[in-house]
Each structure stands twice: as C-alpha cells, then as structure tokens.
> 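Dropping a structure here in structure tokens format, bear with me for questions.
Counting convention: from 1, in listed order, for ligands and their atoms alike. Treat the numbers as computed from the prediction; the structure is a model and nothing was measured.
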Amino acid sequence: MFRSATIRLTVLYVAILAVICLFFSVNLYRVSTNELDRGLGRQMMMFQQNPQFQNFFGDDYAQSRDDQLSEARRHIIINLVDVDILILVIGGIGCYFLARRTLKPIQEAHDAQVRFTADASHELRTPLAAMKAEIEVALRDPKFDKKEAKGLLESNLEELDKLTVLSNDLLSLARNGEKGEIVLVDLSTVIGGAMQNTKTSADTKKITLNASPTNLKVLGDAQGLTQLLTVLVDNAIKYSEPSTTVTLKAAKRDDEVLLSVTDQGIGIDPGDLSRIFDRFYRADSSRSKQDSAGYGLGLSIAKKIAESNYALITVKSKKGAGSNFTVRLKSA
Ligand code: ADP
C-alpha cells in the first residue's frame, strides 16, 4: 500500500519538477535566442555599413548569418534538453527519497494503529472465547444442575468484568488524545482523589497508603492528573506484597513539582523498563501474578495524560526491591 503511494507521490513531485523545468527552459530559450538575434543583427548592420566587409564576404554573409542563427538555436535546444533530462533523473531519485520521507510518519502511525487493533482484538477474544467454551460445555451436559449454573454465571461475570476494564481502558486511551483544560490545580485534591480511587484495593491487600500533606499547586488538568496518579498507585498496590507501604510525595524543585509514588513491591526487570509504557506490554513477572489483573494499558494511558499536561513520567526500579514512579509537573 505504502509502496504504491510512494511511487504515486514521486510521480507527482517529478511532474511538478518537469513543469518547473519546462517553464525555465522555454524562458531561457527565448532570452538566449533574442540575445543571439540582437548580436547577429548588430553584426549585420556593421556589415551593411562597411563596403570593405561586403567586398570580402560577398552576398553569402546574409545566408551564413541565418545558418549560424539556426545552428545556435539547435545547440541551445539540445543543451536545454540535456540539462532538463539530467535534472529530471537526479531530481527523480531525490523525489523518491523525499516521498518516502514524507510518508514515513504516516506509515509508522498506520503500523502502530494496525498493531493496536490486532492487540486489542486479541485481548477481547480471550475472555469471549473462555465464556463461549464454558457455555457450550454446559449446554452439552444433560445433568447440568442449578449449582453448576451458578458457578458458570459467576465465572462469566468475572470475564465480563475483565471486558469492562478493557473497554474502559481503551476508551481512556482514545479520549486522552484530547487535551483537557489546563488550569491551576491543587495537588492535595489530586492525591486525595487517587487515594480515594485505590482505597478498596489497598484495604483488600492491607497495604498502607502514606501521603504527607501538601499545599503545592501545578498547572494541569485536574481530572487527568487524578487518573494518572490513580494508575500509578493502583500499579504500586497490584505489584506489591500484602502489608507493605505505598508512599506518595510531592516536592518542589526549581520550576517543577515532582509527584512520586514509591512501593516496596516486586520491582521491574531492567530489560522491561523501556517497554512498560508501550500499549499492551506486561512484564512476565506481572503476568504470572494471579491478583495483578490488567491489560498493559495503564501506563500508556498515564503517559498520554502526562504528555497532554506537559509533564514527564520517569521510573526507577530494582527487581525485588520496589519501584519509584515520578511525575514532573509544571509548577504554578
Ligand atoms: P498492567 O498493570 O495492566 O499490566 P500497565 O501499563 O499499568 O499495565 O503496566 C505495564 C507493566 O509494567 C505491568 O504489567 C508491570 O509488569 C509493570 N509495572 C508497572 N508498575 C509497576 C510497579 N509499581 N511495580 C512493578 N511492576 C510494575
């Protein structure tokens, strides 16, 4: 698809180049032949005014002047055609590379979109396939009783919950392309919101959420920042052992405010660190953990929100010794 688009764009560029060449060549030809006409015309005048020349060259002079003129015109045309062909050949190669360069970002975006759609459909298919298989087995079983039906419904409900999480995450990813309104945001509201959102999962694992009070203010979109911090705190809880502590801190440094989430969890392998912000990426250690349900979309949502808030997320982690995610925000 992109090969033929590159060729079509190259042809278009070459056509533009050819029109420009034609325009300049025609004008150059006109100017040069006018100059020639004028030069040879002056010679003719001198010839007519000077009887010595007329005796020497005879009547052939006028004929030879016309021959000279048409010969010169022919040379100009040949030279112009040669130069034009050279420009079109060299320019054509240049146009091909220019077309490839022009289409490269579009191709990358297209490839990313295809990859994303394939990953999303794969993730959607897994719970659907599990539900379908369970229902089919149940329908084939003549002794299927009420108790088993209840078990089946509970299992289906679990799969439906996963699908809801996935569709919410996909929706968040799509929405976070739109920038929220950047206003003055009180960080205590953001921290309070994230703690409220993650309280139930922290309580379930008996994890202590530790946050010191702050009166720092930043420039950003309050709702987006709360969602971003919720992702980080939620991950800190998911990837920590029960009865540990997750610490939230806000500190001012120069014209930035650093908002950090530190856990005492499983940590991240150095090889995974550069990929955890990719869509659908999950480190093997987290896939194998039963209670850490997820689709590898949380951090890509967080990254998108950070970008629309002119913020940056950095991560430091040591396998088995916990992780620290820091969001660098614009101070108000
Ligand atoms: P999810 O948590 O749904 O898998 P995320 O995009 O939020 O997706 O995270 C991507 C991966 O990064 C996780 O699967 C996990 O391997 C790793 N990760 C993120 N946060 C932490 C953390 N606090 N501790 C350890 N690993 C983490």
Side-chain angles (χ1 to χ4, degrees), residues 112 115-116 119-120 122-124 126-127 158-159 161-177 191 194-195 197-202 204-211 224-249 258-308 311-327:
R115 250 192 334 267
F116 176 69
D119 288 344
H122 173 77
E123 297 294 351
L124 280 169
T126 314
E158 239 174 65
E159 299 298 341
D161 282 344
K162 285 187 194 166
L163 282 174
T164 312
V165 170
L166 179 58
S167 61
N168 285 343
D169 280 358
L170 289 173
L171 211 63
S172 285
L173 261 183
R175 283 220 189 103
N176 285 317
I191 294 175
M195 285 180 68
N197 293 344
T198 50
K199 190 176 179 316
T200 315
S201 34
T204 312
K205 281 180 89 173
K206 295 194 172 50
I207 285 182
T208 312
L209 293 182
N210 208 339
L225 290 179
T226 308
Q227 193 184 355
L228 187 164
L229 195 62
T230 303
V231 169
L232 298 184
V233 179
D234 193 45
N235 277 350
I237 297 168
K238 266 197 311 196
Y239 301 112
S240 290
E241 296 302 329
S243 310
T244 51
T245 302
V246 171
T247 311
L248 282 83
K249 257 192 206 152
L258 308 185
L259 182 57
S260 67
V261 178
T262 311
D263 64 52
Q264 302 166 328
I266 60 171
I268 304 166
D269 205 86
D272 290 322
L273 273 180
S274 60
R275 303 189 60 194
I276 54 172
F277 291 93
D278 292 352
R279 288 169 183 179
F280 294 109
Y281 186 80
R282 303 198 77 206
D284 284 343
S285 49
S286 45
R287 277 178 196 279
S288 54
K289 275 183 86 69
Q290 287 293 309
D291 61 341
S292 64
Y295 289 94
L297 289 176
L299 286 180
S300 27
I301 295 172
K303 189 178 164 202
K304 259 198 151 183
I305 300 174
E307 280 165 4
S308 59
L312 194 75
I313 309 178
T314 54
V315 52
K316 278 191 220 139
S317 185
K318 206 167 165 217
K319 194 94 188 114
S323 309
N324 168 283
F325 284 80
T326 301
V327 190

> First locate atom CG of L171, then atom OG1 of T164, and finally report the distance between them rounded to the nearest 0.5 Å.
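OG1 of T164 is found 12.0 Å from CG of L171.
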> In terms of atom number and element, which parts of ligand 1 are under 4.0 angstrom from non-hydrogen atoms of Y295?
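Listed by number with element, the hits are 3 (O).
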> For ligand 1, which atoms, with element, lie under 4.0 Å from some heavy atom of Y281?
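Atoms satisfying the 4.0 Å criterion: 10 (C), 11 (C).
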> What residues, two or more places apart in sequence or in another chain, satisfy salt bridge (Lys or Arg N to Asp or Glu O under 4.0 Å) together with K318?
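With sequence neighbours excluded, K318 shows a salt bridge (Lys or Arg N to Asp or Glu O under 4.0 Å) to no residue whatsoever.
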> Quick one: sort the F277 and F325 rings into parallel, tilted or perpendicular, breaks at 30° and 60°.
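Answer is perpendicular, since the angle exceeds 60°.
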> Any atoms of ligand 1 less than 4.0 Å from a non-hydrogen atom of R282? List them with their elements.
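Answer for ligand 1: 1 (P), 4 (O), 14 (O).
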> Any N/O of K238 closer than 3.5 Å to an N/O of ligand 1?
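Checking ligand 1 against K238, an N or O pair does fall under 3.5 Å apart.
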> Partners of K162 by salt bridge (Lys or Arg N to Asp or Glu O under 4.0 Å), sequence neighbours excluded?
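Only E159 meet the salt bridge (Lys or Arg N to Asp or Glu O under 4.0 Å) criterion with K162.
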> Looking at T245, T247, V246, I191, which one forms a side-chain contact (heavy atoms from CB on, under 4.5 Å) with L209?
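Exactly one pass, corresponding to V246.
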> Main chain of N324, side chain of S317: is a donor-acceptor contact present, judged purely on distance under 3.5 Å?
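No; judged by distance alone, with no hydrogens or angles, the pair does not exist.
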> So, regarding L299 and ligand 1 (criterion: nitrogen or oxygen to nitrogen or oxygen, under 3.5 Å), is there a contact or not?
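Looking only at distances, the answer is yes, because the N/O contact criterion of under 3.5 Å is met.
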> Counting heavy atoms only, name the option from G296, A302, G298 that's nearest to atom 3 (O) of ligand 1.
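Selected option, by shortest heavy-atom distance: G296.
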> Just go through N235, V261, D169 and tell me whose heavy atom is the nearest to atom 20 (N) of ligand 1.
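The nearest heavy atom belongs to N235.
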> For a 4.5 angstrom cut-off between non-hydrogen side-chain atoms, does T244 reach D263?
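T244 vs D263: side chains apart.
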> Give the numbers and elements of all ligand 1 atoms closer than 4.0 Å to a heavy atom of L297.
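Every atom of ligand 1 under 4.0 Å from some heavy atom of L297: 6 (O), 8 (O).
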> G267: heavy atom below 4.0 Å from ligand 1, yes or no?
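G267 counts as a contact of ligand 1 under the 4.0 Å cut-off.
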> Enumerate the atoms of ligand 1 whose separation from the nearest heavy atom of G294 is less than 4.0 angstrom.
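With G294 as reference, the close atoms of ligand 1 come out as 3 (O).
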> For ligand 1, which part of A283 has a heavy atom less than 4.0 Å away: the side chain, the backbone, both, or neither?
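The answer is both, backbone and side chain.
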> Counting only heavy atoms closer than 4.0 Å, does ligand 1 sit against the backbone of D263, its side chain, both, or neither?
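D263 to ligand 1: side-chain contact only, backbone stays beyond 4.0 Å.
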> Would D119 and Y295 count as having a side-chain donor-acceptor pair, cut-off 3.5 Å?
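The criterion, which ignores hydrogens and geometry beyond distance, is not satisfied for Y295 and D119.
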> Does the residue F277 have a heavy-atom contact with ligand 1, meaning some pair of atoms that are separated by less than 4.0 Å?
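No.
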> When you compare the side chain of K205 with that of I237, does any pair of heavy atoms fall below 4.5 Å?
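Yes, close enough: below the 4.5 Å cut-off.
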> Between I268 and ligand 1, which part of the residue brings a heavy atom under 4.0 Å of the ligand: side chain, backbone, both or neither?
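For I268, only side-chain atoms sit under 4.0 Å from ligand 1.
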